[in-house]
Visitor: 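First the structure, which I've put down as structure tokens, then a few questions once you've had a look.
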Number of protein chains: 2
Amino acid sequence: MQLIERAFHHEREQLRQCGLKITTQRLIILKELMNHADHPTVHMIHEAVKKELPAVSVDTVYRTLLSFSEAGLCTVLDGMGEARRFDPKRTVHHHFICNNCGKIVDFACTEFDNLQLPSVFKKGFTVENKSVRLSGLCPDCNK
Amino acid sequence: MQLIERAFHHEREQLRQCGLKITTQRLIILKELMNHADHPTVHMIHEAVKKELPAVSVDTVYRTLLSFSEAGLCTVLDGMGEARRFDPKRTVHHHFICNNCGKIVDFACTEFDNLQLPSVFKKGFTVENKSVRLSGLCPDCNK
DNA sequence: TTATTAAATAGGAATTATTCTTATTTGTCA
DNA sequence: TGACAAATAAGAATAATTCCTATTTAATAA
Ligand SMILES: [Mn+2]
Ligand SMILES: [Mn+2]
Ligand SMILES: [Zn+2]
Ligand SMILES: [Zn+2]
């Protein structure tokens with residue numbers, strides 16, 4: 001555990017800032033998540049983490065990634081009929097999802113970001129998230 | 001089956017226009033779907049259909065609703081980490097999803113509908129669907 | 001530093017949504 | 001009416017996610 005002690009300065013600091021207890025599992029999971037620009041699933045992160053921590057449980061990966069998203073360290077992309085995907089990109093952006101291969105492509109859309117919400121949501125609702133979702137076929141799947 | 005023979009004129013016509021074989025199951029499932037303005041799940045439709053057709057299988061409801069969506073008779077709202085929801089509303093609209101109770105609220109957003117897609121998608125991609133997704137708390141869940 | 005304690009974890013079972021398999025039934029169309 | 005492809009029922013299989021419980025561990029106060 002000396003290795004862990006020495007490294008993971010950045011991860012350690014992020015957890016501390018979020019008030020999350022610092023555990024070996026969390027440090028490694030956080031580092032793995034930040035290494036994946038491709039919206040990884042729990043399964044992908046679990047596989048990667050097992051290389052450094054063979055006994056880590058799938059439940060821990062789930063719990064940890066969900067607590068990261070609650071803490072604002074990442075976001076969750078629910079659905080697509082498939083497994084939940086996690087997104088380490090912290091800046092505002094949107095997603096195109098390929099209906100054939102499931103690939104997720106990030107894009108920006110400032111015009112949309114600047115749109116006012118419909119007035120229905122002015123009262124009573126709390127809108128926590130606002131995003132554009134495109135779907136269709138990616139260039140690879142378009143033959 | 002005389003009842004089915006006589007009624008379901010509208011459903012029968014819709015199936016015919018889509019080139020879908022007309023079966024008792026499809027007629028009843030279609031009618032039920034159109035009765036639900038609240039984005040029903042497969043389970044909800046299955047329960048409703050069983051009242052008229054007790055032996056209908058869950059697999060048939062799945063298969064049928066998916067073929068309806070392929071035929072354009074409805075759309076599928078994948079995800080939310082929960083069960084797939086089906087949407088009989090045929091006009092362009094968008095959704096707010098309550099993170100607490102799961103309720104889905106329709107809304108229109110013409111300004112968004114009129115936005116140009118980012119230029120990334122001009123070449124190579126085929127964008128089949130384009131929508132806004134809001135999430136947060138609905139008035140009921142906001143205490 | 002050490003003892004205390006609440007939080008985190010491993011491991012596996014349970015749950016739930018969805019898909020698959022196979023034998024049987026049913027529309028469609030000639 | 002008869003042939004045949006398509007649709008269905010029933011239940012098994014698969015996969016994602018959550019739950020349960022005994023054990024371990026990080027934070028912190030003495
Ligand atoms: Mn992203
Ligand atoms: Mn809708
Ligand atoms: Zn693709
Ligand atoms: Zn709600």
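In what follows, chains are A, B, ... by sequence order, proteins preceding strands, each numbered from 1.
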Visitor: Check whether any side-chain nitrogen or oxygen of B/Q25 sits under 4.0 Å from OP1 or OP2 of D/dA9, and answer yes or no.
Guide: yes
Visitor: On a heavy-atom basis, which atom in B/N100 and which in B/L137 lie closest, and how many Å separate them?
Guide: CB-CD2, 3.7 Å
Visitor: Can you tell me which nucleotide in D/dA9, C/dT9, D/dA16 comes closest to the side chain of B/D59?
Guide: D/dA9
Visitor: Among D/dG11, D/dT8, C/dT9, which is the nearest nucleotide to the side chain of B/T60?
Guide: D/dT8
Visitor: So, taking the atom named CG in B/D87 and the one named OG in B/S69, what distance separates them when rounded to the nearest 0.5 Å?
Guide: 11.0 Å
Visitor: Collect all protein-nucleotide pairs involving nucleotides 1-6 of chain D in which both atoms are nitrogen or oxygen and the distance is under 3.5 Å.
Guide:
{"residue": "D/dA6", "atom": "O4'", "partner": "B/K21", "partner atom": "NZ", "Å": "3.0"}

Visitor: Reading DNA chain D from 5' onward, which residue's closest nucleotide shows up sooner: B/T23 or B/V58?
Guide: B/T23
Visitor: Is A/R84 close enough to D/dT17 that one of its side-chain N or O atoms is under 4.0 Å from OP1 or OP2 there?
Guide: yes
Visitor: Can you tell me the distance, in whole Å, between the CE atom of A/M44 and the P atom of D/dA15?
Guide: 17 Å
Visitor: Rounded to whole Å, how long is the line connecting atom NE2 of A/H43 with atom P of D/dT18?
Guide: 16 Å
Visitor: I need the CD-C1' distance between A/E11 and D/dA26, as an integer number of Å.
Guide: 18 Å
Visitor: If you compare every side-chain N and O of A/R63 against the phosphate oxygens of D/dT18 (OP1, OP2), does one of them come in below 4.0 Å?
Guide: no
Visitor: Using the side chain to side chain contact (heavy atoms under 4.5 Å, CB included) criterion, which residues pair with A/E111? Sequence neighbours excluded.
Guide: A/C109, B/L115
Visitor: Just to verify, what does A/H94 make a ring-ring contact (aromatic ring centres under 6.0 Å, His included) with, not counting sequence neighbours?
Guide: A/F107, A/F112
Visitor: For B/K130 and B/D113, which heavy atoms make the closest approach, and how far apart are they?
Guide: NZ-O, 2.9 Å
Visitor: Between A/I28 (CD1) and C/dA8 (P), how many Å, whole number?
Guide: 17 Å
Visitor: Please give, in whole Å, the distance from C/dA17 P to B/E47 CD?
Guide: 11 Å
Visitor: What nucleotide among D/dA10, C/dG11, D/dT18 has an atom nearest to a side-chain atom of A/S57?
Guide: C/dG11
Visitor: With DNA chain C as reference, determine whether A/V61 or B/L66 sits nearer its 5' end, using the nearest nucleotide of each.
Guide: A/V61
Visitor: Could you tell me how far apart A/Y62 (OH) and D/dC20 (P) are, to the nearest whole angstrom?
Guide: 17 Å
Visitor: Surrounding NZ of A/K123 (heavy atoms of other residues, nucleotides or ligands, distance under 6.0 Å), is the total greater than 12?
Guide: no
Visitor: Output the rounded distance in Å from CG (B/L15) to P (C/dT28).
Guide: 9 Å
Visitor: Can you confirm whether more than 12 heavy atoms, excluding those of A/Q116, are under 6.0 Å from its CD atom?
Guide: no
Visitor: Tell me what A/V56 touches on the nucleic acid: a base, only sugar-phosphate, or nothing, going by heavy atoms under 4.0 Å.
Guide: sugar-phosphate
Visitor: Whole-Å distance between C/dA6 C1' and A/I22 CD1?
Guide: 17 Å
Visitor: At less than 4.0 Å, is any side-chain N or O atom of B/R16 found next to OP1 or OP2 of C/dG27? Yes or no.
Guide: no
Visitor: If you take all heavy atoms of A/C74 and A/P88, which pair is closest and at what distance?
Guide: CB-CA, 4.2 Å
